[in-house]
Amino acid sequence: MNVHVPTQETPEALMLAMGARARASAKAVREASAATRSAALGAMARHIRTAAPVILAANETDMARSAAEGLSPSMLDRLKLDPARLEAMAAAVEDVAGQPDQLGEVMKDWTRPNGLHMQRVRIPIGVIGIIYESRPNVTADAGALCLRSGNCVILRGGSDTIGSSTEITKALRAGLAEAGLPEDAIQLVGTTDRAAVGAMLAGLDGSIDMIIPRGGKSLVARVQAEARVPVLSHLEGICHTYVHAGADPEKAVALTLNAKMRRTGVCGSTETLLIDQEIAAALLPKIAAALMEKGCELRGDAAAQAIVPMAEATEEDWRTEYLAPILSIAVVPGIEEAVAHIARYGSGHTDAIVTEDQGAAERFLNEVDSAIVLVNASTQYADGGEFGFGGEIGIGTGRLHARGPVGAEGLTTYKYVVRGSGQTRP
């Protein structure tokens, strides 16, 4: 493929060169054996562990700079690495290494009456561009999952995580080299110039096959508005927990507390609690006490305020992804109203019901059209690792291609292979 690269080293020139290198690497990655890709992933995990002191030092620098620039506490929590989080990152890459390789999988196999043998076969997408904010673990997750699925990837993290992501990428590329694969299968954009994002959205002269944004509403909106290549969107997580009249009280308290407060800065954190009016007077005070003890601010509708003193929830609260220790609360007459509230205000991400009533549970599962729906489980399980994917690119909230946690399978497409014996069409 001929790529025109401007003579000056502008962000556009740098990005076009990265795209050309990624495209040139794609064939080797696509045709590598499953064992080779697994070996590279295992080596990546080892190099992350070996480079731990360097990665953590870079992260401390990122944290200090970002705090001085006024980054919010929830975003600082997303940015922060410590030995435990770094080990979890390496372990997630190892998990991906151990996953079955799906490339070449025959998804469907049939023979037509005319003798044509047809197969639908899984293949990589090609070169994927990923634009993300604040979470350095995305660097490792994305690199590992793209390699597992036979893709090359161009990563563009936020300026807040540039040091951490640079060191993590070095470890990933060292793993590729150790396994004999091209290091340019995983590249990190080294400039924080926003023109680099524009170049990626334009497709880098056809080098990028798909863009995945992972970040706040403004980032996703820009990508959706400007991208000239297909987009797999990860929208905001306006997640709900609905405590049904048939809920076990102890489960309701424990699940709501975990869904909101385990980590408030993740996209699977519950942002709105819906509670059935039949049990609200007895149960809401217990749930509220547990939340407030952990430092959660409550904002409720009139019915919730009448039961527990709290701030008034505005119309905007129902539409807000707080990513902070804030929870909006609505008292609803029943499951029909709970489902309607979610349909009106939810983002199609993750919603849960707490109930011992099997009929209510099944109705909730059938009627709530979100990427992930749960019964008697915390919304914080909205995570690719918890689904056994070894990590995730993001939570797909659209209705095309991939929904929910996007692991290696979600980064593949397919082609049709047809074998004949001389058939001509009449």
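Values reported hereafter were calculated over all heavy atoms of this structure, with side chains retained and with hydrogens, waters and symmetry mates removed.
Between the N258 side chain and the A254 main chain, no donor and acceptor come within less than 3.5 Å of each other. Judged by distance alone, with hydrogens and angles left aside, the side-chain atoms of Q380 form a donor-acceptor pair with the main-chain N or O of R263 at under 3.5 Å. At distances below 3.5 Å, at least one donor-acceptor pair connects side-chain atoms of R78 with backbone N or O atoms of G265. S72 places a side-chain N or O within 3.5 Å of a backbone atom of M75 that can act as its donor or acceptor partner. Judged by distance alone, the side chain of D62 and the main-chain N or O of G163 form a donor-acceptor pair under 3.5 Å. In this structure a side-chain-to-backbone donor-acceptor pair under 3.5 Å is missing from T161 to G158. In this structure, the side chain of T61 engages the main chain of A57 through a donor-acceptor pair within 3.5 Å.
Taking each heavy atom of Q187 and M18 in turn, the nearest pair found is NE2-O, 3.0 Å. In plain terms, the two heavy atoms of I353 and A360 that are nearest each other are CD1-O, 3.9 Å. Residues L172 and A140 share a closest heavy-atom pair of CD1-CA, 4.1 Å. Shortest non-hydrogen contact noted between P285 and V308 is CA-CG2, 3.8 Å. Between T350 and A382, the shortest heavy-atom distance links the atoms OG1-CB, 3.3 Å. For the residue pair E183 and L176, the shortest heavy atom distance occurs at O-CD1, 3.6 Å.
Here the straight-line distance linking atom CD1 of I279 with atom CD1 of I287 works out to 7.0 Å at 0.5 Å rounding. The line from OG of S370 to CD1 of I395 is 12.0 Å long, rounded to the nearest 0.5 Å. Here the CG-CD distance, from L81 to E60, works out to 10.0 Å after rounding to the nearest 0.5 Å.
Under 3.5 Å, the side chains of S149 and T412 contain no donor-acceptor pair of N or O atoms. Under 3.5 Å, the side chains of T314 and D317 contain a donor-acceptor pair of N or O atoms. Side-chain contact check for Y416 and R120: at least one donor-acceptor pair (N or O, by modelled atom type) lies under 3.5 Å. Looking at Q99 and R148, their side chains never bring a donor and an acceptor atom within 3.5 Å of each other. In summary, the side chains of T379 and T270 do present a donor paired with an acceptor at a separation below 3.5 Å, with no hydrogens or angles considered.
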*Should D193 and R156 be marked as a salt bridge (charged side-chain N to carboxylate O under 4.0 Å, His left out) after you check the CA-CA gap, both sets of side-chain angles, and the distance that decides it?*
CA-CA 10 Å; D193 193 316; R156 203 285 187 176; over 6 Å; no

_Go through it in stages, so that I can follow the logic: the residues are D357 and F364, the test is side-chain contact (heavy atoms from CB on, under 4.5 Å), and I'd like the CA-CA distance, side-chain angles, deciding distance and then a yes or no._
CA-CA 11 Å; D357 183 327; F364 187 89; over 6 Å; no

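Taking K80 as the reference, nothing meets the side chain to side chain donor-acceptor pair (under 3.5 Å) condition, with sequence neighbours excluded.
For the pair L76 and S66, the minimum side-chain heavy-atom distance is below 4.5 Å. Side chains of V266 and D383 form no contact here, defined as non-hydrogen atoms less than 4.5 Å apart.
For CZ of R85, the number of neighbouring non-hydrogen atoms (other residues, nucleotides, ligands) closer than 6.0 Å is greater than 12. E315 CD: more than 12 foreign heavy atoms inside a 6.0 Å radius. Annotation: R112, atom CZ; neighbour count of heavy atoms from other residues, nucleotides and ligands within 6.0 Å does not exceed 12. The 12-atom threshold is not exceeded at CD of E278, counting heavy atoms of other residues, nucleotides or ligands nearer than 6.0 Å. Heavy-atom neighbours of E336 CD from other residues, nucleotides or ligands within 6.0 Å: at or below the threshold of 12.
Between F387 and F389, the ring planes lie tilted relative to each other; the angle falls in the 30° to 60° range. Classification of the Y345-H341 ring pair by plane angle, with boundaries at 30° and 60°, yields tilted.
In summary, of the residues considered (D351, T355, D276), a side-chain hydrogen bond (donor to acceptor under 3.5 Å, both in side chains) with Y242 occurs for D276 alone.
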